[in-house]
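Notes follow the structure.
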Amino acid sequence: MLKLHNTLTGTKDEFVPLDPNRITLYVCGPTVYNYVHIGNARPVVVFDVLYRLLSRLYPQVVYARNITDIDDKIINACAQTGEPMAALTERFSAAFAEDMAALNALPPVIVPKATDHIGDMIAMIETLVAKDHAYAADGHVLFAVESMPDYGKLSGRNLEDMLAGARVEVADYKRHPGDFVLWKPSSDHQPGWDSPWGRGRPGWHIECSAMIHKHLGDVIDIHGGGQDLIFPHHENEIAQGCCAHGTEYVRYWMHNGYINIDGEKMSKSLGNFRLVRDLLTHYPGEVLRFALLSSHYRSPLNFSADVLDQARKSLDSLYYALLGRGENVVAASGYRLPEDHPVLAALRDDLNSAEAISALHAIAARLNKAGPGDKPALKAELLAGAELLGLLGEDPTGWFQAAGGDHDLDAAYIDALVAERDQAKKSRDFARADQIRDQLKDAGVQLEDTREGTRWTRA
RNA sequence: GGCGCGGUGGCAGAGUGGUUAUGCAGCGGACUGCAACUCCGUAUACGCCGGUUCGAUUCCGACCCGCGCCUCCA
């Protein structure tokens, strides 16, 4: 059984797919007007694990993650640099794909772009207007929140509550202050598309609803994203999807917690963000991924160098288990994680990645202690468990020897010193041997004498 | 003001009505020429106050503290 926390019910519910032969998963992707920060990466990594898990449990998973390539923030970014919109969005889409690949996130099955679906959005808006859930006013088309009795059910608020806390001036063409934009007019120098309401561009929420409808269906199994999307984005998606197609839209809503810096939410508006791109110059992508998975996806994660260093060391201990004590162990082939395996059980419990990692350490401990005959099977088990989390995909020797900084010694030079030290050891010149080891240690290279010879790792 | 989340050992972080994860760091030991890796052992914990209970970190209530959403944001 797979249990998932559903924002709609507020509880951990058993996952019952609409069609067990075709699971549908949609995750909100980035607005491509700059590089993404580590907070943007959290849902990508979290739902990548969900995608891997679902793929293990069901024969087919249709996973879509959109690219928002029309938005006022993009228009503003272009206005500042003079770069054409298509060039800018293409550039940052590619950068996003690169960054996420560095975090070992599998590409989704479908990566729909908003600008490829303007016609679908217009059609959906027309449906909403025809059903009296939307109205045109002053060049805009607005969704009428009062036309939907249970509007607010996802975020747990009602229209009166929202009015009480309103901090924004209400445009006078709105019938109700909570009405939101489906379509808005573009000036001559703004990008726009022809529509029944004149030349304009879509509002933020409609693209996801339209693309879900086109690629995945009227009702999908799971929709994910960051907690800050619950309101208004996902609330409004529900309104659009349910009202346009007369169905329930999404069965399970999943939202990940924030990444914090010094206890405060990391966000573009606060300016306290860390770009994935910059972090990757200091840490392997797998360390970032491990850090993101080291706590539960719904909990806040306080991001710091300390967290990354601990992730690195924890990962090292797992790779050490794969590396062994110098013996050459080949993982058994054809291993498949059993249904009741602890790693699988942990992930099935609302994606408890922290517990899954702990289960990985338990396998590593058994692998370290095992006799030669048992090692291949345990190594295969460790690799299979880790793969569900998208971890331990590197060659262990490569993991430890990969150059990370500008001042790293090159491998040939290190090998030469190691050879010299071996000679010194053979002639029992331990003073010289230790001198070489200390010299390398100062340069960040750790030597280890194993039965099969000396090996080295970068600290 | 409305709605919601969280406070676990030095740090990170799971979990549970009683046997008290896991990783890193610490301490003692084994291994080693000495180390490193690994192994064995070990200390330190559940914000505060009440209640329920044979027994609560885990359930209930109040309180304190921190955070988030209500506006673009993963």
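As the structure is a computational prediction, the values presented were derived from the model and not from experiment. Numbers restart at 1 for each chain; the letters A, B, ... are given by sequence-line order, proteins then strands. Atoms considered below: every heavy atom in the structure, side chains included; atoms not considered: hydrogens, waters and symmetry mates.
Among residues at least two apart or in separate chains, there is no side chain to side chain donor-acceptor pair (under 3.5 Å) pair with a member in residues 300-309 of chain A. Counting only residues at least two apart or in different chains, salt bridge (charged side-chain N to carboxylate O under 4.0 Å, His left out) contacts with residues 345-359 of chain A comprise Lys12(A)-Asp349(A), Arg298(A)-Asp350(A), Glu339(A)-Arg348(A). Sequence neighbours left out, the pairs with a member in residues 381-403 of chain A that pass salt bridge (charged side-chain N to carboxylate O under 4.0 Å, His left out) are Arg366(A)-Glu381(A).
The pair Lys313(A)-Asp316(A) fails the salt-bridge criterion, with no side-chain N (NZ, NE, NH1 or NH2) lying under 4.0 Å from an Asp/Glu carboxylate O.
With sequence neighbours excluded, the residues that form a side-chain hydrogen bond (donor to acceptor under 3.5 Å, both in side chains) with Arg289(A) are Asp48(A). Residues passing the side-chain hydrogen bond (donor to acceptor under 3.5 Å, both in side chains) test with Thr115(A), sequence neighbours excluded: Asp69(A). Scored by the side-chain hydrogen bond (donor to acceptor under 3.5 Å, both in side chains) test, Glu146(A) finds no partners at all (sequence neighbours excluded). Judged as a side-chain hydrogen bond (donor to acceptor under 3.5 Å, both in side chains), and not counting sequence neighbours, the contacts of Ser186(A) are Arg201(A).
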I'd like a table of donor-acceptor pairs (distance under 3.5 Å, sequence neighbours excluded) in which one partner is a side-chain atom from residues 368-376 of chain A, with atom names and distances.
from	atom 1	to	atom 2	distance (Å)
Asn368(A)	OD1	Arg325(A)	NH1	3.4
Asn368(A)	ND2	Ala364(A)	O	3.3
Lys375(A)	NZ	Leu367(A)	O	2.8

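Note on Ser314(A): only backbone sugar-phosphate atoms sit closer than 4.0 angstrom, heavy atoms only; bases stay farther off. When heavy atoms are screened at a 4.0 angstrom cut-off, Asn368(A) is found touching the sugar-phosphate backbone but no base atom. If you check every strand for non-hydrogen atoms under 4.0 Å, Ile259(A) touches a base.
Rounded to a whole angstrom, the distance from the P atom of C60(B) to that of U53(B) is 16 Å.
Following rounding to the nearest Å, Glu237(A) (CD) and A74(B) (C1') show an atom-to-atom distance of 14 Å.
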Dump the pairs, protein N or O against N or O of nucleotides 40-47 of chain B, anything under 3.5 Å, distances to one decimal.
from	atom 1	to	atom 2	distance (Å)
C40(B)	OP1	Lys369(A)	NZ	2.7

Contacts under 3.5 Å, N or O only, protein and nucleotides 28-31 of chain B:
none

Look for any protein N or O under 3.5 Å of an N or O in nucleotides 9-14 of chain B and output each such pair with its distance, or none.
from	atom 1	to	atom 2	distance (Å)
C11(B)	O2'	Asp306(A)	OD2	3.3
C11(B)	O2	Gln310(A)	NE2	3.1
A14(B)	OP1	His296(A)	N	2.4
A14(B)	O3'	Asn352(A)	ND2	3.0
A14(B)	O2'	Glu355(A)	OE1	3.1

Fill in the blank from the handout: Encoded 5' to 3' (Watson-Crick or G-U under 3.5 Å; [ ] crossing; | other strand), RNA chain B becomes (((((((..(((.....[...))).(((((.......)))))....(.(((..]....))).))))))))....
